[in-house]
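Side chains are part of it too, since the values below use all heavy atoms of this structure and drop only hydrogens, waters and symmetry mates.
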Amino acid sequence: MSSAPPLELRAVERRYRTEAGALEVLKGAALTLHAGEIVALVAPSGTGKSTLLHVAGLLERPDGGEVLVDGRAAGTLGDDARTAIRRTAIGFVYQFHHLLPEFTAAENVMLPQMAAGTARTAARRRAEELLGGFGLASRLDHRPGKLSGGEQQRVAIARALANAPRVLLADEPTGNLDTATAGLVFEELLREARGRGLSALIATHNPELAARMDRTVTLRDGVLVGA
């Protein structure tokens with residue numbers, strides 16, 4: 001395993017073209033996410049939090065600076081190479097679960113594994129292990145429409161963990177749940193992340209949730225404070 005930080009952002013810039021001109025969202029954001037470290041990302045809505053996570057997760061390319069995953073610069077890599085890194089090294093959890101409605105809970109967790117070349121039987125076994133850890137052993141063959149909001153988000157987290165990533169990125173993963181359910185799901189997310197030795201960058205508006213993590217960084221005027 002690489003001794004380099006699992007994730008590093010170096011002076012990352014991101015801008016968008018608008019009718020009013022260039023909109024600078026990230027203006028040199030820098031962060032080192034250490035092995036096994038769980039970091040809270042705090043920022044008001046509309047300040048670039050999702051953009052930062054998308055750039056960190058190789059879903060968007062930076063306009064300046066560099067994103068390194070396990071010490072490997074990924075900004076200039078081709079799309080296929082970036083996809084391969086995302087598939088094996090990075091897990092992403094969104095505020096809305098984005099589960100495929102026509103597939104069962106187990107199948108949703110199996111699909112990213114099979115896309116990475118895992119045999120169906122092994123993928124099913126891992127799906128059962130992950131979903132069982134989230135208390136969903138009896139819901140494996142239920143489609144998302146038959147699951148509660150909390151259950152759906154648990155499946156989404158299990159899916160993000162399916163390929164044993166080193167880095168977990170989460171964009172308000174409990175923001176769409178009621179307070180009680182959000183607390184439970186978040187506790188399970190932290191337990192799984194710590195138990196598996198993951199490094200995680202988790203965006204949240206909730207100061208109580210942020211306080212449960214190792215440290216907090218704040219996105220302010222396009223740069224990360226406290227990084």
Quiz item: Partners of Asp141 by salt bridge (Lys or Arg N to Asp or Glu O under 4.0 Å), sequence neighbours excluded?
Solution: Arg124

Quiz prompt | Euclidean distance, Arg120 CZ relative to Arg125 CZ, rounded to 0.5 Å | solution = 13.5 Å

Practice problem: Run the salt-bridge test on Arg143 and Glu102 with the 4.0 Å N-O cut-off and return the result as yes or no. | Solution: no

Quiz prompt | Thr83: side-chain contact (heavy atoms from CB on, under 4.5 Å) partners, not counting sequence neighbours | solution = Arg86, Arg87

Quiz item: Quick one: do Phe103 and Leu136 end up in the same hydrophobic cluster if we chain Ile, Leu, Val, Met, Phe, Trp and Tyr together by side-chain heavy atoms under 4.5 Å apart?
Solution: no

Quiz item: Is Val69 close to Pro6 at the side-chain level, that is, under 4.5 Å between some pair of heavy atoms?
Solution: no

Quiz item: How about Val12 and Arg10: do any of their side-chain heavy atoms sit closer than 4.5 Å?
Solution: no

Quiz item: Taking Arg126 for the side chain and Ala162 for the main chain, is one N or O donor matched with an acceptor at less than 3.5 Å?
Solution: yes

Exercise. Before giving the answer on side-chain contact (heavy atoms from CB on, under 4.5 Å), spell out for Leu31 and Leu201 the whole-Å C-alpha distance, their side-chain angles and the decisive distance to 0.1 Å.
Key: CA-CA 10 Å; Leu31 172 70; Leu201 181 62; 3.9 Å; yes

Quiz prompt | Heavy atoms from other residues, nucleotides or ligands near CZ of Arg220 exceed 12 (cutoff 6.0 Å) | solution = no

Quiz item: Just by distance, do the side chain of Arg166 and the backbone of Gly197 share a donor-acceptor pair under 3.5 Å?
Solution: no

Exercise. Measure the shortest side-chain to side-chain distance between Leu111 and Gln113 over non-hydrogen atoms and say whether it is less than 4.5 angstrom.
Key: no

Exercise. Check ring-ring contact (aromatic ring centres under 6.0 Å, His included) between Tyr94 and all other residues, then give those that pass, not counting sequence neighbours.
Key: Phe92, His98

Self-check item: 4.5 Å side-chain heavy-atom contact, Ile85 and Arg72
Solution: yes

Quiz item: Hey, are the side chains of Arg191 and Phe186 touching, using non-hydrogen atoms and a 4.5 Å cut-off?
Solution: no

Quiz item: Does Glu151 use its side chain to pair, donor to acceptor, with the backbone of Ser148 at less than 3.5 Å?
Solution: yes

Quiz item: Do Arg139 and Arg154 pass the side-chain contact (heavy atoms from CB on, under 4.5 Å) test, and can you show the C-alpha distance, the side-chain angles, and the key distance before you say yes or no?
Solution: CA-CA 11 Å; Arg139 314 291 276 168; Arg154 287 179 176 97; over 6 Å; no

Self-check item: side-chain contact (heavy atoms from CB on, under 4.5 Å) partners of Arg61, counting only residues at least two apart
Solution: Asp79, Arg82

Quiz item: Do Leu190 and Val185 belong to the same hydrophobic cluster, where Ile, Leu, Val, Met, Phe, Trp and Tyr are linked whenever their side-chain heavy atoms lie under 4.5 Å apart, directly or via other members?
Solution: yes

Quiz item: If only atom types and distance count, is the side chain of Asn163 paired as donor or acceptor with the main-chain N or O of Pro112 below 3.5 Å?
Solution: yes

Quiz item: Can you tell me if Asp214 uses its side chain to pair, donor with acceptor, with the backbone of Glu37 under 3.5 Å?
Solution: no

Quiz prompt | Within 6.0 angstrom of Arg194 CZ, more than 12 heavy atoms from elsewhere | solution = yes

Self-check item: Shortest non-hydrogen separation from Ala203 to Lys49 and the atoms involved
Solution: CB-CD, 3.3 Å

Quiz item: How far does CG of Leu131 sit from NE2 of His142, to the nearest 0.5 angstrom?
Solution: 12.5 Å

Quiz item: Within the distance-only criterion (no hydrogens, no angle test), does the side chain of Ser199 pair as donor or acceptor with the backbone N or O of Gly36 below 3.5 angstrom?
Solution: yes

Quiz item: Cluster partners of Met110, using ILVMFWY side-chain heavy atoms under 4.5 angstrom, listed by chain and number?
Solution: Met114

Quiz prompt | Close side-chain approach of Val39 to Thr216, heavy-atom, < 4.5 Å | solution = no

Quiz item: Rounded to the nearest 0.5 Å, what separation is found between the CG atom of Leu168 and the CD1 atom of Ile157?
Solution: 8.0 Å

Practice problem: With sequence neighbours excluded, give me every salt bridge (Lys or Arg N to Asp or Glu O under 4.0 Å) pair touching residues 88-101. | Solution: none

Quiz item: With hydrophobic residues grouped by side-chain heavy-atom distances under 4.5 Å, do Leu140 and Leu99 end up in a single group?
Solution: yes

Quiz item: Rounded to the nearest 0.5 Å, how far apart are CG of Leu59 and CG of Leu53?
Solution: 9.5 Å

Exercise. Please list, chain by chain and in numerical order, all residues satisfying side-chain contact (heavy atoms from CB on, under 4.5 Å) with Asn206, sequence neighbours excluded.
Key: Thr204, Glu208, Leu209

Quiz prompt | Ionic contact status for Arg196 with Glu129, cut-off 4.0 Å | solution = yes

Practice problem: Tell me, please, which residues at least two apart from Glu24 pass salt bridge (Lys or Arg N to Asp or Glu O under 4.0 Å). | Solution: none

Quiz item: Who passes side-chain hydrogen bond (donor to acceptor under 3.5 Å, both in side chains) against Arg15, sequence neighbours left out?
Solution: Glu13

Quiz item: How far does CG of Asp70 sit from CG of Leu7, to the nearest 0.5 angstrom?
Solution: 9.0 Å

Self-check item: Contact summary for Ala30 and Ala11, nearest pair of heavy atoms
Solution: CB-N, 4.1 Å

Quiz item: Would you say the side-chain atoms of Gln152 pair up with the backbone N or O of Leu147, donor to acceptor, closer than 3.5 Å?
Solution: yes

Quiz item: Between Val225 and Val217, is a side-chain contact (heavy atoms from CB on, under 4.5 Å) present by the stated rule, with each step listed?
Solution: CA-CA 6 Å; Val225 179; Val217 297; over 6 Å; no

Quiz item: Side-chain heavy atoms under 4.5 angstrom apart, residues restricted to Ile, Leu, Val, Met, Phe, Trp, Tyr: same cluster for Val67 and Leu77?
Solution: yes

Quiz item: With Asp171, which residues qualify under side-chain hydrogen bond (donor to acceptor under 3.5 Å, both in side chains), at least two apart?
Solution: Ser50

Practice problem: Quick one: list whatever passes salt bridge (Lys or Arg N to Asp or Glu O under 4.0 Å) with Arg159, sequence neighbours left out. | Solution: none

Practice problem: Before accepting this row, confirm whether a basic side-chain N of the pair Lys27/Asp221 lies closer than 4.0 Å to the acidic partner's carboxylate O. | Solution: no

Exercise. Carefully, step by step, assess Leu52 and Leu9 under the rule side-chain contact (heavy atoms from CB on, under 4.5 Å).
Key: CA-CA 10 Å; Leu52 178 76; Leu9 307 181; 3.6 Å; yes

Exercise. With sequence neighbours left out, write down each residue that passes side-chain contact (heavy atoms from CB on, under 4.5 Å) with Pro173, or none if nothing qualifies.
Key: Val93, Gln153, Ala170, Leu189, Ile202

Quiz item: Out of curiosity, does Val42 fall in the hydrophobic cluster containing Leu33 (side-chain heavy atoms, cut-off under 4.5 Å, transitive links)?
Solution: no

Quiz item: Is there a side-chain contact between Thr218 and Leu41 (heavy atoms, below 4.5 Å)?
Solution: no

Quiz item: What closest approach, in Å, do Ala56 and Leu169 show between heavy atoms, and which atom pair accounts for it?
Solution: C-CD1, 3.8 Å

